[in-house]
Amino acid sequence: MTRQVLAIDFGGTKVALGTAAVDAPDGRPHTMMRLRTQGDGGALQVVERTLTAARELLSTPAAVGVSTFGVVRDDVIRLAPNVPGWDGMALPQLLRAEFGDTPVAIDNDVNAGAAAELRWGALRGVDIGLYVNLGTGLAAALVAGGRVLPGAHGAAGEIGYLRDAASAPAFADGHAPLEEAVSGSALARRGSALLGREVTAAELFDLHAEPGVGELLDEALDTLSRTIANLCITLDPQRVVIGGGLMGAAAHILPRVATALSRSVPFPPQLTTATFVDDAPLVGALALALALA
């Protein structure tokens with residue numbers, strides 16, 4: 001019987017699980033399952049329901065890869081306010097207790113997405129690269145030497161906390177200024193307030209001709225493009241890969257970013273859309289598991 005690995009992606013609104021053979025050629029899960037996070041019920045019930053589903057999906061995995069929102073630091077999860085009790089939870093310990101001697105790897109969701117791109121996608125063969133995830137939140141992963149750099153505290157690439165001189169203080173008072181300006185959730189919130197009705201970020205791009213919407217998107221894309229250009233000046237990457245749910249509006253986003261890179265970066269990198277726009281953290285969790293297996 002072919003040995004299989006298990007992947008789990010804990011998200012703020014959904015949990016995805018998948019399996020693949022240890023010789024999987026492309027990172028696509030063989031089987032998949034999705035659960036609603038139901039975060040209002042607290043963190044532990046999310047983990048318990050997920051582990052029950054994992055047993056049903058694959059009882060004896062060769063290895064387990066896990067991606068999660070937040071940052072894995074000192075064997076607990078940090079910077080994860082989305083689900084009550086997730087911040088400060090000892091998720092690695094809970095996973096070890098469940099899977100015993102089975103090897104388990106865990107990383108944050110954006111680093112996992114970058115791992116997927118490194119193994120099978122748009123960062124394959126890249127020595128120095130940058131992966132930017134534009135979704136409900138906003139974060140990046142830095143790649144050097146062909147591997148994802150976690151940083152000294154596991155928090156490299158948490159660009160949502162970047163600020164400029166005009167913005168409110170960041171992290172220390174709970175604010176993530178950049179994420180609160182240009183992420184998918186931020187655009188949905190700001191667009192809904194502007195239009196007087198609920199809209200998603202994706203819908204907002206289709207409504208760019210509505211009064212005020214074009215200006216809102218221009219401001220957000222200018223800020224985003226300037227941020228990515230500054231990261232490229234710092235890192236000098238060969239390639240920038242952009243993924244996440246907002247890439248449904250890639251036709252609006254990529255040209256603006258490309259213009260900023262060509263104008264501002266001494267040696268502009270290649271710019272491309274991620275291979276794994278959907279389920280990138282789950283595919284990344286598979287990559288983590290396969291590296292162990």
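Quick note: residue numbers are just sequence positions, from 1. Just so you know, these numbers come straight off a predicted model, no measurement behind them.
Ser262 contributes a side-chain N or O that, together with a main-chain N or O of Thr259, makes up a donor-acceptor pair within less than 3.5 Å. Side chain of Glu117 to backbone of Ala274: no donor-acceptor contact under 3.5 angstrom is found.
Residue Glu203 holds its CD atom at 10.0 Å from CD of Glu198, rounded to the nearest 0.5 Å. With rounding to the nearest 0.5 angstrom, the OG1 atom of Thr275 is 14.5 Å from the CZ atom of Arg119. Going from atom CG of Leu17 over to atom CZ of Arg34 covers 10.0 Å, rounded to the nearest 0.5 Å. Distance check: Ile228 CD1 to Ser264 OG gives 11.5 Å after rounding to the nearest 0.5 Å. One distance of note links CD1 of Ile242 with CG of Leu254; it measures 5.5 Å at 0.5 Å rounding. For the atom pair OG1 (Thr50) and CG (Leu95), the distance works out to 9.5 Å, reported to the nearest 0.5 Å.
Counted within 6.0 Å of CZ on Arg55, heavy atoms from surrounding residues, nucleotides or ligands total more than 12; the atom is thus considered enclosed. When the shell of 6.0 Å around NE2 of His153 is examined, it contains 12 or fewer heavy atoms from other residues, nucleotides or ligands.
Contact detail for Pro237 and Gly129: the closest heavy-atom pair is CB-CA, 3.8 Å. Residues Val240 and Cys232 approach most closely at CG2-SG, 3.5 Å, considering heavy atoms. Of all heavy-atom pairs spanning Ala285 and Ala112, the tightest one is N-CB, 4.2 Å. Minimum interatomic distance between Thr273 and Ala250 (heavy atoms only, all atoms of both residues): OG1-CB, 4.5 Å. Across all non-hydrogen atoms, the minimal contact from Leu292 to Val104 is CD1-C, 3.6 Å. Here the closest non-hydrogen pair linking Ala20 and Arg28 is CB-O, 4.4 Å.
With salt bridges taken as basic N to acidic carboxylate O contacts below 4.0 Å, one links Glu219 and Arg190.
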Please tabulate, one pair per line, all N/O donor-acceptor pairs under 3.5 Å involving side-chain atoms of residues 60-69, not counting sequence neighbours.
{"residue": "Ser67", "atom": "OG", "partner": "Asp9", "partner atom": "OD1", "Å": "2.7"}
{"residue": "Ser67", "atom": "OG", "partner": "Pro281", "partner atom": "O", "Å": "3.3"}
{"residue": "Thr68", "atom": "OG1", "partner": "Trp86", "partner atom": "NE1", "Å": "3.0"}

For residues 206-216, dump all side-chain donor-acceptor pairs below 3.5 Å to protein atoms at least two apart in sequence or in another chain.
{"residue": "His208", "atom": "ND1", "partner": "Phe205", "partner atom": "O", "Å": "3.0"}
{"residue": "Glu215", "atom": "OE1", "partner": "Gly212", "partner atom": "N", "Å": "3.4"}

Can you give the donor-acceptor pairs under 3.5 Å from side chains of residues 131-146 to other protein atoms, not counting sequence neighbours?
none

- Message: Assess the residue pair Tyr161 and Leu79 against the criterion (side chain to side chain contact (heavy atoms under 4.5 Å, CB included)); give the C-alpha distance rounded to whole Å, side-chain angles, the decisive distance to 0.1 Å, and a yes or no.
- Response: CA-CA 11 Å; Tyr161 294 101; Leu79 304 184; 3.8 Å; yes
- What's the verdict on side chain to side chain contact (heavy atoms under 4.5 Å, CB included) for Phe99 and Leu51, showing C-alpha distance, side-chain angles and the deciding distance? CA-CA 10 Å; Phe99 294 107; Leu51 294 180; 4.0 Å; yes
- Residue pair Leu94, Met89: steps toward the side chain to side chain contact (heavy atoms under 4.5 Å, CB included) verdict: CA-CA 9 Å; Leu94 294 174; Met89 182 174 62; 4.1 Å; yes
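Residues meeting the side chain to side chain contact (heavy atoms under 4.5 Å, CB included) test with Ile233, sequence neighbours left out: Asn230, Val265, Pro266. Every residue two or more places apart in sequence or in another chain that forms a salt bridge (charged side-chain N to carboxylate O under 4.0 Å, His left out) with Arg256 is listed here: Asp218, Asp222.
In the hydrophobic cluster analysis, where Ile, Leu, Val, Met, Phe, Trp and Tyr join through side-chain heavy atoms closer than 4.5 angstrom, Val72 is grouped apart from Val110. Val46 and Leu91 fall within the same hydrophobic cluster, defined by Ile, Leu, Val, Met, Phe, Trp and Tyr side-chain heavy atoms under 4.5 Å apart, directly or through other members.
Hydrophobic clustering, defined by side-chain heavy atoms of Ile, Leu, Val, Met, Phe, Trp and Tyr closer than 4.5 Å, groups Val283 together with Val5, Val22, Trp120, Phe276, Leu286, Leu290.
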